[in-house]
There are 2 protein chains.
Amino acid sequence: MNVRTLCLSILFEGEATGYEIRRKCVEGECAYFIEASFGSIYPALNKLEQEGLVTSRTQQQSGKPAKKVYSITDAGRAAFADELAAPLGEDVFRSPFLLFARYAHILPRELVETRAAEQLDKLVQDRKKLDNVAAEHGSKAGDTWVLNYGRAIMELAERHMRAHMHELITMARAEPNKDAAE
Amino acid sequence: MNVRTLCLSILFEGEATGYEIRRKCVEGECAYFIEASFGSIYPALNKLEQEGLVTSRTQQQSGKPAKKVYSITDAGRAAFADELAAPLGEDVFRSPFLLFARYAHILPRELVETRAAEQLDKLVQDRKKLDNVAAEHGSKAGDTWVLNYGRAIMELAERHMRAHMHELITMARAEPNKDAAE
DNA sequence: ACTTGCATGTAAGTGGTTACATGATTGG
DNA sequence: CCAATCATGTAACCACTTACATGCAAGT
(Lines give C-alpha, C1' and ligand atoms only; values in the text may rest on other atoms or scores of the structure.)
Protein backbone atom coordinates (compact mmCIF):
# COMPACT_ATOMS: atom_id res chain seq x y z
CA MET A 1 0.00 0.00 0.00
CA ASN A 2 1.68 3.11 -1.26
CA VAL A 3 0.84 6.77 -0.87
CA ARG A 4 -0.84 6.76 -4.25
CA THR A 5 -3.42 4.19 -3.16
CA LEU A 6 -3.80 5.94 0.15
CA CYS A 7 -4.72 9.18 -1.62
CA LEU A 8 -7.16 7.36 -3.85
CA SER A 9 -8.81 5.74 -0.84
CA ILE A 10 -9.24 9.05 0.97
CA LEU A 11 -10.57 10.81 -2.13
CA PHE A 12 -12.93 7.89 -2.62
CA GLU A 13 -14.64 9.06 0.56
CA GLY A 14 -14.84 12.67 -0.62
CA GLU A 15 -12.95 15.77 -1.73
CA ALA A 16 -9.77 16.76 0.06
CA THR A 17 -6.61 18.83 -0.27
CA GLY A 18 -3.08 17.44 0.09
CA TYR A 19 -2.85 19.14 3.43
CA GLU A 20 -6.02 17.46 4.67
CA ILE A 21 -4.94 14.07 3.40
CA ARG A 22 -1.77 14.32 5.38
CA ARG A 23 -3.65 15.31 8.52
CA LYS A 24 -5.99 12.37 8.14
CA CYS A 25 -3.00 10.03 8.13
CA VAL A 26 -1.12 11.56 11.02
CA GLU A 27 -3.81 12.82 13.36
CA GLY A 28 -7.14 11.32 12.33
CA GLU A 29 -5.39 8.01 11.98
CA CYS A 30 -7.11 6.40 9.03
CA ALA A 31 -7.72 3.25 11.04
CA TYR A 32 -5.67 1.09 8.74
CA PHE A 33 -2.55 2.74 10.06
CA ILE A 34 -0.58 4.44 7.36
CA GLU A 35 1.51 7.56 7.56
CA ALA A 36 2.65 9.82 4.79
CA SER A 37 4.46 13.14 4.53
CA PHE A 38 3.96 16.13 2.26
CA GLY A 39 6.96 15.13 0.24
CA SER A 40 5.17 12.03 -0.95
CA ILE A 41 1.56 13.20 -0.99
CA TYR A 42 1.91 16.26 -3.25
CA PRO A 43 3.84 14.47 -6.00
CA ALA A 44 1.41 11.54 -5.79
CA LEU A 45 -1.58 13.85 -6.26
CA ASN A 46 0.08 15.57 -9.21
CA LYS A 47 0.74 12.26 -10.85
CA LEU A 48 -2.79 11.04 -10.22
CA GLU A 49 -4.12 14.21 -11.85
CA GLN A 50 -1.89 13.71 -14.89
CA GLU A 51 -3.26 10.21 -15.21
CA GLY A 52 -6.81 11.51 -15.01
CA LEU A 53 -7.65 9.58 -11.85
CA VAL A 54 -8.36 12.76 -9.90
CA THR A 55 -9.23 16.37 -10.78
CA SER A 56 -8.50 19.54 -8.84
CA ARG A 57 -9.92 23.00 -8.48
CA THR A 58 -8.16 25.87 -6.80
CA GLN A 59 -10.16 27.50 -4.04
CA GLN A 60 -9.29 30.99 -2.87
CA GLN A 61 -9.71 31.69 0.83
CA SER A 62 -9.73 34.95 2.76
CA GLY A 63 -6.82 35.15 5.15
CA LYS A 64 -5.51 31.75 4.18
CA PRO A 65 -3.48 30.59 1.20
CA ALA A 66 -5.39 29.20 -1.76
CA LYS A 67 -5.93 25.47 -1.66
CA LYS A 68 -6.22 22.82 -4.29
CA VAL A 69 -9.22 20.62 -3.68
CA TYR A 70 -8.94 17.21 -5.29
CA SER A 71 -11.85 14.99 -6.36
CA ILE A 72 -11.71 11.43 -7.58
CA THR A 73 -12.93 10.67 -11.13
CA ASP A 74 -14.75 7.59 -12.37
CA ALA A 75 -11.46 6.35 -13.79
CA GLY A 76 -9.95 6.90 -10.35
CA ARG A 77 -12.69 4.91 -8.65
CA ALA A 78 -12.15 2.10 -11.14
CA ALA A 79 -8.37 2.16 -10.65
CA PHE A 80 -8.85 2.01 -6.89
CA ALA A 81 -11.20 -0.96 -7.16
CA ASP A 82 -8.67 -2.67 -9.42
CA GLU A 83 -5.93 -2.11 -6.92
CA LEU A 84 -8.05 -3.61 -4.15
CA ALA A 85 -8.84 -6.61 -6.34
CA ALA A 86 -5.12 -7.25 -6.98
CA PRO A 87 -3.24 -9.64 -4.68
CA LEU A 88 -2.65 -7.93 -1.33
CA GLY A 89 0.79 -7.13 0.02
CA GLU A 90 1.95 -8.62 3.30
CA ASP A 91 0.96 -7.05 6.59
CA VAL A 92 3.97 -5.52 8.23
CA PHE A 93 4.67 -5.19 11.91
CA ARG A 94 7.97 -3.72 12.90
CA SER A 95 8.70 -2.99 16.53
CA PRO A 96 11.89 -1.32 17.71
CA PHE A 97 10.50 -1.76 21.21
CA LEU A 98 10.43 -5.56 20.91
CA LEU A 99 14.05 -5.58 19.75
CA PHE A 100 14.86 -3.45 22.77
CA ALA A 101 12.90 -5.79 25.05
CA ARG A 102 14.79 -8.80 23.76
CA TYR A 103 17.99 -7.32 25.15
CA ALA A 104 16.60 -6.07 28.44
CA HIS A 105 19.18 -8.21 30.26
CA ILE A 106 22.11 -6.13 28.99
CA LEU A 107 20.47 -2.77 29.61
CA PRO A 108 20.34 -0.66 32.77
CA ARG A 109 17.15 -1.13 34.74
CA GLU A 110 16.32 2.54 34.74
CA LEU A 111 16.30 2.63 30.94
CA VAL A 112 14.12 -0.46 30.66
CA GLU A 113 11.68 1.05 33.13
CA THR A 114 11.51 4.26 31.15
CA ARG A 115 11.05 2.60 27.78
CA ALA A 116 8.44 0.18 29.09
CA ALA A 117 6.46 3.07 30.55
CA GLU A 118 6.79 5.01 27.30
CA GLN A 119 5.59 2.01 25.31
CA LEU A 120 2.58 1.52 27.55
CA ASP A 121 1.81 5.20 27.20
CA LYS A 122 1.94 4.98 23.40
CA LEU A 123 -0.35 1.98 23.47
CA VAL A 124 -2.85 3.83 25.65
CA GLN A 125 -2.64 6.91 23.43
CA ASP A 126 -3.14 4.91 20.25
CA ARG A 127 -6.10 3.04 21.67
CA LYS A 128 -7.70 6.30 22.78
CA LYS A 129 -7.16 7.72 19.32
CA LEU A 130 -9.00 4.78 17.80
CA ASP A 131 -11.80 5.18 20.34
CA ASN A 132 -12.14 8.83 19.36
CA VAL A 133 -12.22 8.06 15.67
CA ALA A 134 -14.89 5.45 16.37
CA ALA A 135 -16.94 7.98 18.36
CA GLU A 136 -16.71 11.01 16.00
CA HIS A 137 -16.83 9.31 12.66
CA GLY A 138 -20.36 8.24 11.81
CA SER A 139 -18.53 5.65 9.83
CA LYS A 140 -19.76 3.04 7.42
CA ALA A 141 -19.72 -0.68 8.14
CA GLY A 142 -16.24 -1.41 6.74
CA ASP A 143 -14.73 1.38 8.79
CA THR A 144 -16.34 0.08 11.95
CA TRP A 145 -15.08 -3.42 11.28
CA VAL A 146 -11.52 -2.24 10.77
CA LEU A 147 -11.75 0.03 13.78
CA ASN A 148 -13.00 -2.77 15.98
CA TYR A 149 -10.23 -5.06 14.80
CA GLY A 150 -7.66 -2.42 15.66
CA ARG A 151 -9.23 -1.66 19.00
CA ALA A 152 -9.38 -5.32 20.00
CA ILE A 153 -5.68 -5.72 19.32
CA MET A 154 -4.72 -2.44 20.96
CA GLU A 155 -6.69 -3.34 24.03
CA LEU A 156 -4.95 -6.69 24.35
CA ALA A 157 -1.53 -5.18 23.70
CA GLU A 158 -2.18 -2.67 26.45
CA ARG A 159 -3.43 -5.29 28.88
CA HIS A 160 -0.54 -7.64 28.13
CA MET A 161 1.97 -4.85 28.54
CA ARG A 162 0.49 -3.74 31.85
CA ALA A 163 0.50 -7.32 33.15
CA HIS A 164 4.00 -8.26 32.03
CA MET A 165 6.15 -5.16 31.91
CA HIS A 166 7.45 -5.76 35.40
CA GLU A 167 8.96 -9.06 34.24
CA LEU A 168 10.93 -7.15 31.65
CA ILE A 169 12.17 -4.72 34.26
CA THR A 170 13.39 -7.49 36.55
CA MET A 171 15.44 -8.91 33.68
CA ALA A 172 17.38 -5.69 33.32
CA ARG A 173 20.83 -5.10 34.78
CA ALA A 174 20.35 -4.16 38.40
CA GLU A 175 23.75 -2.43 38.82
CA PRO A 176 23.33 1.34 38.96
CA ASN A 177 25.50 2.22 35.94
CA LYS A 178 28.88 1.03 34.78
CA ASP A 179 27.99 2.16 31.26
CA ALA A 180 28.39 -1.08 29.33
CA ALA A 181 28.70 0.91 26.14
CA GLU A 182 31.97 2.70 26.67
CA MET B 1 15.49 -0.46 13.23
CA ASN B 2 17.57 -0.89 10.13
CA VAL B 3 19.37 -3.89 8.65
CA ARG B 4 22.58 -2.76 10.25
CA THR B 5 21.16 -3.03 13.77
CA LEU B 6 19.45 -6.27 12.86
CA CYS B 7 22.82 -7.79 11.86
CA LEU B 8 24.41 -6.54 15.03
CA SER B 9 21.63 -8.08 17.13
CA ILE B 10 21.97 -11.47 15.46
CA LEU B 11 25.75 -11.45 15.73
CA PHE B 12 25.38 -10.47 19.37
CA GLU B 13 23.88 -13.93 19.88
CA GLY B 14 26.73 -15.67 18.05
CA GLU B 15 28.63 -16.07 14.79
CA ALA B 16 26.75 -16.16 11.51
CA THR B 17 27.12 -15.71 7.77
CA GLY B 18 25.12 -13.26 5.67
CA TYR B 19 23.19 -16.17 4.29
CA GLU B 20 22.24 -17.40 7.75
CA ILE B 21 21.24 -13.94 8.92
CA ARG B 22 18.84 -13.68 6.05
CA ARG B 23 17.34 -17.08 6.81
CA LYS B 24 16.84 -16.15 10.43
CA CYS B 25 14.79 -13.14 9.34
CA VAL B 26 12.68 -14.83 6.73
CA GLU B 27 12.18 -18.36 8.06
CA GLY B 28 13.26 -18.44 11.69
CA GLU B 29 11.37 -15.20 12.19
CA CYS B 30 13.44 -13.36 14.73
CA ALA B 31 10.40 -12.81 16.92
CA TYR B 32 10.58 -9.05 16.66
CA PHE B 33 9.42 -9.33 13.06
CA ILE B 34 11.90 -7.87 10.64
CA GLU B 35 12.69 -8.95 7.12
CA ALA B 36 15.76 -8.21 5.06
CA SER B 37 17.11 -9.29 1.69
CA PHE B 38 20.62 -10.16 0.54
CA GLY B 39 20.89 -6.85 -1.24
CA SER B 40 20.80 -5.04 2.08
CA ILE B 41 22.48 -7.58 4.38
CA TYR B 42 25.75 -8.05 2.49
CA PRO B 43 26.51 -4.35 2.11
CA ALA B 44 25.57 -3.80 5.76
CA LEU B 45 28.00 -6.52 6.91
CA ASN B 46 30.79 -5.08 4.76
CA LYS B 47 30.25 -1.66 6.21
CA LEU B 48 30.15 -3.02 9.76
CA GLU B 49 33.48 -4.76 9.12
CA GLN B 50 35.03 -1.58 7.77
CA GLU B 51 33.94 0.17 10.93
CA GLY B 52 35.48 -2.57 13.07
CA LEU B 53 32.18 -3.56 14.68
CA VAL B 54 32.41 -7.09 13.30
CA THR B 55 35.20 -9.33 11.98
CA SER B 56 35.01 -12.14 9.45
CA ARG B 57 36.90 -15.29 8.60
CA THR B 58 36.46 -17.24 5.40
CA GLN B 59 35.64 -20.87 5.95
CA GLN B 60 36.20 -23.39 3.18
CA GLN B 61 33.66 -26.17 2.90
CA SER B 62 33.77 -29.41 0.97
CA GLY B 63 31.05 -29.47 -1.66
CA LYS B 64 29.74 -26.04 -0.78
CA PRO B 65 30.99 -22.59 -1.62
CA ALA B 66 33.25 -20.92 0.93
CA LYS B 67 31.42 -18.84 3.47
CA LYS B 68 32.30 -15.73 5.41
CA VAL B 69 31.57 -16.19 9.07
CA TYR B 70 31.07 -12.93 10.93
CA SER B 71 31.67 -12.31 14.62
CA ILE B 72 30.85 -9.25 16.63
CA THR B 73 33.68 -7.32 18.29
CA ASP B 74 33.69 -5.54 21.63
CA ALA B 75 33.24 -2.28 19.74
CA GLY B 76 30.28 -3.89 17.98
CA ARG B 77 28.69 -4.93 21.25
CA ALA B 78 29.16 -1.44 22.59
CA ALA B 79 27.68 0.13 19.46
CA PHE B 80 24.69 -2.18 19.69
CA ALA B 81 24.12 -1.31 23.34
CA ASP B 82 24.37 2.37 22.40
CA GLU B 83 21.78 1.94 19.69
CA LEU B 84 19.41 0.25 22.14
CA ALA B 85 19.91 3.04 24.62
CA ALA B 86 19.04 5.69 22.02
CA PRO B 87 15.41 6.85 21.72
CA LEU B 88 13.38 4.10 20.06
CA GLY B 89 11.70 4.51 16.69
CA GLU B 90 7.94 4.18 16.38
CA ASP B 91 6.33 0.78 16.08
CA VAL B 92 4.87 0.35 12.63
CA PHE B 93 1.83 -1.62 11.63
CA ARG B 94 0.78 -1.48 8.01
CA SER B 95 -2.01 -3.70 6.78
CA PRO B 96 -3.06 -3.85 3.14
CA PHE B 97 -5.73 -6.26 4.29
CA LEU B 98 -7.35 -3.68 6.57
CA LEU B 99 -7.47 -1.18 3.71
CA PHE B 100 -9.10 -3.87 1.63
CA ALA B 101 -11.55 -4.68 4.43
CA ARG B 102 -12.56 -1.05 4.70
CA TYR B 103 -13.90 -1.19 1.18
CA ALA B 104 -15.55 -4.59 1.38
CA HIS B 105 -18.85 -2.98 0.39
CA ILE B 106 -17.64 -2.11 -3.12
CA LEU B 107 -15.98 -5.46 -3.77
CA PRO B 108 -17.47 -8.70 -5.06
CA ARG B 109 -18.38 -11.15 -2.35
CA GLU B 110 -16.28 -13.92 -3.77
CA LEU B 111 -13.14 -11.81 -3.56
CA VAL B 112 -13.83 -10.73 0.02
CA GLU B 113 -14.37 -14.35 0.98
CA THR B 114 -11.08 -15.37 -0.62
CA ARG B 115 -9.04 -12.59 0.93
CA ALA B 116 -10.57 -13.09 4.37
CA ALA B 117 -9.73 -16.80 4.21
CA GLU B 118 -6.20 -16.00 3.05
CA GLN B 119 -5.75 -13.52 5.87
CA LEU B 120 -6.94 -16.02 8.47
CA ASP B 121 -4.58 -18.57 7.00
CA LYS B 122 -1.64 -16.16 7.25
CA LEU B 123 -2.53 -15.42 10.85
CA VAL B 124 -2.65 -19.13 11.68
CA GLN B 125 0.65 -19.74 9.88
CA ASP B 126 2.37 -16.87 11.65
CA ARG B 127 1.15 -17.98 15.03
CA LYS B 128 2.35 -21.52 14.39
CA LYS B 129 5.72 -20.17 13.34
CA LEU B 130 6.01 -18.31 16.64
CA ASP B 131 4.96 -21.44 18.53
CA ASN B 132 7.69 -23.40 16.76
CA VAL B 133 10.34 -20.81 17.51
CA ALA B 134 9.24 -20.87 21.15
CA ALA B 135 9.49 -24.68 21.22
CA GLU B 136 12.86 -25.17 19.45
CA HIS B 137 14.78 -22.21 20.73
CA GLY B 138 15.95 -22.80 24.27
CA SER B 139 15.69 -19.06 24.42
CA LYS B 140 16.71 -16.60 27.06
CA ALA B 141 14.27 -14.60 29.15
CA GLY B 142 14.02 -11.59 26.83
CA ASP B 143 13.31 -13.79 23.84
CA THR B 144 10.55 -15.59 25.70
CA TRP B 145 8.98 -12.33 26.74
CA VAL B 146 8.94 -11.00 23.20
CA LEU B 147 7.69 -14.32 21.86
CA ASN B 148 4.86 -14.41 24.37
CA TYR B 149 3.88 -10.87 23.51
CA GLY B 150 3.75 -11.77 19.84
CA ARG B 151 1.86 -14.97 20.46
CA ALA B 152 -0.74 -13.29 22.63
CA ILE B 153 -1.46 -10.76 19.88
CA MET B 154 -1.43 -13.34 17.11
CA GLU B 155 -3.82 -15.52 19.02
CA LEU B 156 -6.25 -12.68 19.52
CA ALA B 157 -5.97 -11.57 15.90
CA GLU B 158 -6.75 -15.08 14.81
CA ARG B 159 -9.68 -15.42 17.19
CA HIS B 160 -11.09 -12.03 16.24
CA MET B 161 -10.76 -12.80 12.56
CA ARG B 162 -12.46 -16.14 12.93
CA ALA B 163 -15.32 -14.60 14.90
CA HIS B 164 -15.90 -11.58 12.66
CA MET B 165 -14.88 -12.42 9.12
CA HIS B 166 -18.40 -13.41 8.20
CA GLU B 167 -19.55 -9.85 8.95
CA LEU B 168 -17.05 -8.60 6.41
CA ILE B 169 -18.32 -11.04 3.83
CA THR B 170 -21.94 -9.97 4.29
CA MET B 171 -20.90 -6.36 3.61
CA ALA B 172 -19.57 -7.27 0.19
CA ARG B 173 -21.48 -6.74 -3.05
CA ALA B 174 -23.82 -9.69 -3.44
CA GLU B 175 -24.27 -9.30 -7.22
CA PRO B 176 -22.39 -12.09 -9.00
CA ASN B 177 -20.11 -9.85 -11.09
CA LYS B 178 -20.72 -6.74 -13.11
CA ASP B 179 -17.02 -5.85 -12.78
CA ALA B 180 -17.21 -2.45 -11.13
CA ALA B 181 -13.71 -1.70 -12.33
CA GLU B 182 -14.19 -1.59 -16.10
C1' DA C 1 8.54 39.53 18.14
C1' DC C 2 7.70 34.77 17.68
C1' DT C 3 5.37 30.74 17.01
C1' DT C 4 1.65 28.10 15.15
C1' DG C 5 -1.54 26.87 11.52
C1' DC C 6 -2.72 26.99 6.83
C1' DA C 7 -1.07 25.80 2.24
C1' DT C 8 1.93 24.01 -1.78
C1' DG C 9 5.77 22.36 -3.58
C1' DT C 10 10.96 20.75 -4.75
C1' DA C 11 15.64 18.59 -4.11
C1' DA C 12 18.60 15.81 -1.93
C1' DG C 13 19.25 11.88 0.60
C1' DT C 14 18.12 7.25 2.68
C1' DG C 15 17.13 2.69 3.14
C1' DG C 16 15.67 -0.48 1.27
C1' DT C 17 14.08 -4.21 -2.83
C1' DT C 18 14.59 -6.71 -7.29
C1' DA C 19 17.07 -8.55 -10.54
C1' DC C 20 21.21 -9.99 -12.13
C1' DA C 21 25.93 -12.40 -12.17
C1' DT C 22 28.53 -16.42 -10.67
C1' DG C 23 29.38 -21.13 -9.35
C1' DA C 24 29.57 -25.68 -7.08
C1' DT C 25 26.85 -29.79 -5.45
C1' DT C 26 23.02 -32.75 -4.52
C1' DG C 27 18.59 -34.83 -5.35
C1' DG C 28 14.65 -35.80 -8.18
C1' DC D 1 18.92 -32.43 -17.14
C1' DC D 2 16.80 -29.36 -14.15
C1' DA D 3 15.76 -27.43 -9.90
C1' DA D 4 17.01 -26.37 -5.42
C1' DT D 5 20.28 -25.25 -1.67
C1' DC D 6 24.36 -23.05 -0.39
C1' DA D 7 26.94 -18.83 -0.89
C1' DT D 8 28.45 -13.89 -2.03
C1' DG D 9 28.01 -9.89 -4.16
C1' DT D 10 26.63 -5.62 -7.38
C1' DA D 11 23.71 -2.28 -9.94
C1' DA D 12 19.60 -0.30 -11.00
C1' DC D 13 15.67 1.18 -9.24
C1' DC D 14 11.95 2.72 -5.98
C1' DA D 15 9.23 4.79 -2.44
C1' DC D 16 9.46 7.55 0.87
C1' DT D 17 11.53 11.04 4.35
C1' DT D 18 13.83 15.31 5.59
C1' DA D 19 14.93 19.60 4.88
C1' DC D 20 14.32 23.53 2.45
C1' DA D 21 11.75 27.48 0.05
C1' DT D 22 7.75 30.60 0.25
C1' DG D 23 4.11 33.30 2.26
C1' DC D 24 0.27 35.18 4.88
C1' DA D 25 -2.67 35.63 9.15
C1' DA D 26 -3.90 34.91 13.90
C1' DG D 27 -2.84 34.16 18.35
C1' DT D 28 0.59 34.67 22.53
Side-chain angles (χ1 to χ4, degrees), chain A residues 1-11 15-28 30 33-51 54-70 83 87 89-90 92-94 96 99, chain B residues 1-8 10-11 15-28 33-51 54-70 83 87 89-90 92-94 96 99:
Chain A
M1 297 305 79
N2 45 22
V3 173
R4 179 196 159 84
T5 311
L6 170 73
C7 290
L8 239 28
S9 86
I10 287 171
L11 294 176
E15 295 186 331
T17 66
Y19 195 84
E20 285 164 358
I21 289 175
R22 196 252 180 171
R23 231 191 14 200
K24 273 180 191 173
C25 303
V26 178
E27 289 166 43
C30 298
F33 325 107
I34 296 183
E35 283 206 40
S37 60
F38 291 130
S40 53
I41 290 171
Y42 286 122
L45 287 171
N46 281 330
K47 216 192 154 201
L48 285 170
E49 192 168 22
Q50 272 168 42
E51 293 171 31
V54 305
T55 53
S56 71
R57 61 190 159 78
T58 306
Q59 204 173 72
Q60 240 63 39
Q61 300 179 111
S62 55
K64 284 178 194 175
K67 62 183 179 181
K68 249 169 111 174
V69 183
Y70 287 92
E83 203 124 11
E90 293 282 304
V92 172
F93 178 50
R94 218 171 293 180
L99 180 62
Chain B
M1 295 303 80
N2 47 19
V3 173
R4 180 196 160 82
T5 312
L6 170 72
C7 289
L8 240 26
I10 287 171
L11 293 175
E15 295 186 331
T17 66
Y19 195 83
E20 285 164 356
I21 289 175
R22 194 252 181 171
R23 232 190 16 202
K24 272 180 192 174
C25 304
V26 179
E27 291 166 43
F33 325 107
I34 296 182
E35 282 205 42
S37 60
F38 291 129
S40 53
I41 290 171
Y42 286 123
L45 287 171
N46 281 330
K47 215 191 153 203
L48 284 170
E49 192 170 21
Q50 273 169 41
E51 293 172 30
V54 305
T55 53
S56 70
R57 63 191 157 78
T58 306
Q59 203 170 70
Q60 240 64 38
Q61 298 179 114
S62 55
K64 285 180 193 172
K67 61 183 181 180
K68 252 169 109 175
V69 183
Y70 287 92
E83 202 123 10
E90 293 282 303
V92 172
F93 178 49
R94 218 172 297 180
L99 179 62

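Convention: sequence-line order gives letters A, B, ...; per-chain numbering from 1.
With D/dT8, D/dA7, C/dT8 as the choices, the nucleotide that has an atom nearest any side-chain atom of B/Phe38 turns out to be D/dT8. Closest contact between the side chain of A/Lys67 and the listed nucleotides C/dG16, D/dT8, C/dT8 involves C/dT8. Picking from D/dT18, C/dT8, D/dT8 the nucleotide with the shortest atom distance to the side chain of A/Lys68 gives C/dT8.
Rounding to the nearest 0.5 Å places OG1 of B/Thr5 at 3.5 Å from CD of B/Glu83. One finds the CD1 atom of A/Ile41 at 11.5 Å from the CG atom of A/Leu48 (value rounded to the nearest 0.5 Å). In this structure, CZ on A/Arg4 lies 11.0 Å from CG on A/Leu45, to the nearest 0.5 angstrom. Rounding to the nearest 0.5 Å gives a distance of 11.5 Å between CD of A/Glu90 and CE of A/Met1. To the nearest 0.5 Å, atoms CD (B/Glu35) and CG (B/Leu6) are separated by 10.5 Å.
In this structure, the CZ atom of A/Arg94 is 13 Å from the P atom of D/dC16, given to the nearest Å. Taking atom CD of residue A/Glu35 and atom P of nucleotide D/dT17, one finds them 8 Å apart after rounding to whole Å. The NZ-P distance, from A/Lys24 to C/dC6, rounds to 14 Å in whole Å. The distance between atom CZ of A/Arg22 and atom C1' of C/dG9, rounded to the nearest whole Å, is 14 Å. As a whole-Å value, the separation of B/Leu6 CG from C/dT17 P is 10 Å. Spacing between atom CD of B/Glu15 and atom P of D/dA7 amounts to 14 Å, rounded to whole angstrom units. Taking atom CG of B/Asn2 as the reference point, atom P of D/dT17 lies 16 Å away to the nearest angstrom.
Nearest-nucleotide positions on DNA chain D place B/Tyr70 closer to the 5' end than the other of A/Ala36 and B/Tyr70.
Remark on the helix from C/dA1-D/dT28 to C/dG28-D/dC1: inter-end axis angle 30°, axes from five-pair C1' superpositions, rounded to 10°.
Between B/Lys24 and B/Glu20, none of the side-chain N atoms (NZ, or NE/NH1/NH2) sits under 4.0 Å from a carboxylate O, so this pair counts as no salt bridge.
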In sequence, state the C-alpha distance, the side-chain angles, and the governing distance for B/Lys47 and B/Val3, and then conclude on side-chain contact (heavy atoms from CB on, under 4.5 Å).
CA-CA 11 Å; B/Lys47 215 191 153 203; B/Val3 173; over 6 Å; no

- Item | side-chain contact (heavy atoms from CB on, under 4.5 Å) evaluation trace for A/Ser40 with A/Asn2 | CA-CA 10 Å; A/Ser40 53; A/Asn2 45 22; over 6 Å; no

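For C/dA7, the OP1/OP2 oxygens have a side-chain nitrogen or oxygen of A/Gln61 closer than 4.0 Å.
A heavy atom lying under 4.0 Å from DNA chain D marks the following residues of residues 39-48 of chain B, by number: B/Gly39, B/Tyr42.
B/Tyr19 and B/Phe38 have parallel rings, their planes meeting at less than 30° on a 0 to 90° scale where 60° marks the start of perpendicular.
A donor-acceptor contact shorter than 3.5 Å links the side chain of B/Glu49 to the backbone of B/Ser56.
The heavy-atom pair separating B/Val54 from B/Tyr70 by the smallest distance is CG2-CD2, 3.8 Å. When all heavy atoms of A/Pro96 and B/Gly89 are compared, the pair lying nearest together is CG-O, 3.5 Å.
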Per-nt protein contacts along nucleotides 23-28 of chain D (heavy atom under 4.0 Å; B base, S backbone sugar-phosphate only, - none) come out as B-S---

